[in-house]
2 protein chains.
Amino acid sequence: MGEMKKRSDCPISSSLDIWGDKWSLLIVRDLIFSMQCTYGDFLKSEEKIATNILATRLQMLESNGIITKLDHPDSKAKVLYQLTQKGIDLLPLMVEIHLWADKYSTIPPERNAIIEELKNNKDEFLKSYSKLLKNHQLKDQIE
Amino acid sequence: MGEMKKRSDCPISSSLDIWGDKWSLLIVRDLIFSMQCTYGDFLKSEEKIATNILATRLQMLESNGIITKLDHPDSKAKVLYQLTQKGIDLLPLMVEIHLWADKYSTIPPERNAIIEELKNNKDEFLKSYSKLLKNHQLKDQIE
DNA sequence: ATATTTGCTTGCATTTTGCAAGTGCAATAT
DNA sequence: ATATTGCACTTGCAAAATGCAAGCAAATAT
């Protein structure tokens, strides 16, 4: 099913071939903010992704090793999605998008705190937040 | 013509609404590498963008203030495209994509030098290269 | 004067996205 | 035990974006 069609060997192009569509990075964003999400959680995001696209994007991200599915502790009917290390490593990218957006468009006030944090000590933030994501991931893998 | 439809106020989402398609960042990449490109230069890139999409993407990027057109010094038939400051500020993003791609996919050997440079002194690289882009831009605006 | 280059536009096929409804299984309620 | 709801998807079809090939006007080269 998942045969990768690369447009070229350029690293930018290859990366875009994986997550360079309208939705993938929003899924990653949700996971970075929430650590873990169910299928329904993604559907609830304010951008209102269509359910069929969500399904195909989740498959794509999983087959590219950016996210993993795991059993929900509460119920067999639920599925938890979370970032792999490869997914966690998209954090610096996300941070740069945030900073760019901050410079050139109006940011919702509830994000101001994070933006300030980012502008003042980006490196420290990246280090500690990616560690946080990693710890969360490991914890769930064990249970 | 350019009415912006934002899916939400999230900075990630708003940014993707501008350049989150299959091609825009490849156009920006070409401009970051080459400083300036003609329409034909973009068409020559190895990903082989279709001419009609190139036209609409260039318009989109221009109307969003990421690139500007300027007269080619040699000929009235030619047009030069180059990055604005807003476009130059996508450099950190590009660098992070590069680093992510380096970690998770095979990079063409001719890029190894840049990658090493990036890994060893990213901040210094960013500072000097964005200054370079800026200088180039200013030079052309005067002529 | 004629041919060629350059930056597009236009028409149409194909693919991707979007919307609404439906399916199947698990958990919960009766 | 049976019905109802919740959850993770599928399916069918309309709309939009992408891809391909050809065309076109203005500028330049011959």
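Residue numbers begin at 1 in each chain, while the letters A, B, ... track the order of the sequences.
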Extract all donor-acceptor atom pairs below 3.5 Å that involve side chains of residues 111-121 of chain A and protein atoms in other chains or at least two apart in sequence.
from	atom 1	to	atom 2	distance (Å)
A:R111	NH1	A:H98	NE2	3.3
A:K119	NZ	A:D102	OD2	3.0
A:N120	ND2	A:E116	O	3.2

Legend entry - Between C:dG18 (P) and A:E47 (CD): distance, integer Å: 12 Å
Legend entry - Options C:dG18, D:dT10, D:dT18, nucleotide nearest the side-chain atoms of A:K22: C:dG18
Inset, instruction - Specify the residue among A:R7 and A:A55 whose closest nucleotide of DNA chain D lies further upstream toward the 5′ end. - result: A:A55
Legend entry - B:D21, nearest nucleotide to its side chain (from C:dT17, D:dT18, C:dT9): D:dT18
Inset, instruction - On the 0 to 90° scale, with breaks at 30° and 60°, tag the A:Y104-A:W100 ring pair as parallel, tilted or perpendicular. - result: tilted
Legend entry - Distance-only donor-acceptor test (3.5 Å): side chain B:N52, base D:dC20: yes
Inset, instruction - Specify the residues of residues 24-43 of chain A, ordered by number, for which at least one heavy atom lies under 4.0 angstrom from an atom of DNA chain C. - result: none
Inset, instruction - Measure the distance from CG on A:D17 to C1' on C:dT16 and round it to the nearest whole Å. - result: 15 Å
Enumerate the protein-to-nucleotides 21-29 of chain C contacts in which both atoms are nitrogen or oxygen and the separation is below 3.5 Å.
from	atom 1	to	atom 2	distance (Å)
C:dA27	OP1	A:K76	N	2.7

Legend entry - B:E96 bridged to B:K122 by N-O distance under 4.0 Å: yes
Inset, instruction - State whether B:R57 places a side-chain N or O below 4.0 Å from either non-bridging phosphate oxygen (OP1 or OP2) of D:dT18. - result: yes
Legend entry - N-O pairing of A:K22 and B:D21 below 4.0 Å: no
Legend entry - Residues B:D17 and B:K5 bridged, charged N to O under 4.0 Å: no
Inset, instruction - Side chain of B:K78 only, please: which of D:dC9, C:dC8, C:dG7 is the nearest? - result: C:dG7
Inset, instruction - Mind calculating the distance between CD1 (A:I49) and P (D:dC9) to the nearest angstrom? - result: 13 Å
Legend entry - Salt bridge A:E47-B:K6, side-chain N to carboxylate O under 4.0 Å: no
Inset, instruction - Could you state the atom-to-atom distance from CD of A:Q59 to C1' of D:dT10 in whole Å? - result: 11 Å
Inset, instruction - May I ask you to decide whether A:D41 forms a salt bridge with A:K44, counting only side-chain N to carboxylate O separations under 4.0 Å? - result: yes
Inset, instruction - Establish whether A:I18 and A:M60 are linked, either directly or via other cluster members, by ILVMFWY side-chain heavy-atom contacts under 4.5 Å. - result: no
Legend entry - Under 3.5 Å side-chain donor-acceptor pair for A:H136 and A:Q82: no
Inset, instruction - Give the rounded distance in Å between these two atoms: NE2 of A:H72 and P of D:dC7. - result: 10 Å
Inset, instruction - Considering just the side-chain nitrogens and oxygens of A:Y81, establish if one lies under 4.0 Å of OP1 or OP2 belonging to D:dC9. - result: yes
Legend entry - Length of the CG-C1' vector between A:L80 and D:dA8, whole Å: 13 Å
Inset, instruction - Determine the contact category for B:K48: base if any of its heavy atoms lies under 4.0 Å from a base atom, sugar-phosphate if only primed atoms, P, OP1 or OP2 are that close, otherwise nothing. - result: nothing
Legend entry - A:I53 or B:L58, whichever maps to the more 5' nucleotide of DNA chain C: B:L58
Inset, instruction - Would you kindly give the CH2-to-P distance between B:W19 and D:dA17, to the nearest whole Å? - result: 19 Å
Inset, instruction - Considering just the side-chain nitrogens and oxygens of B:W23, establish if one lies under 4.0 Å of OP1 or OP2 belonging to D:dG19. - result: yes
Inset, instruction - Mark yes or no: B:R7 above the aromatic ring of A:W23, with NZ or CZ under 6.0 Å from the six-membered ring centre and no more than 45 degrees from the axis. - result: yes
Inset, instruction - Quickly work out the A:L54 CG to D:dT10 P distance and round it to whole Å. - result: 11 Å
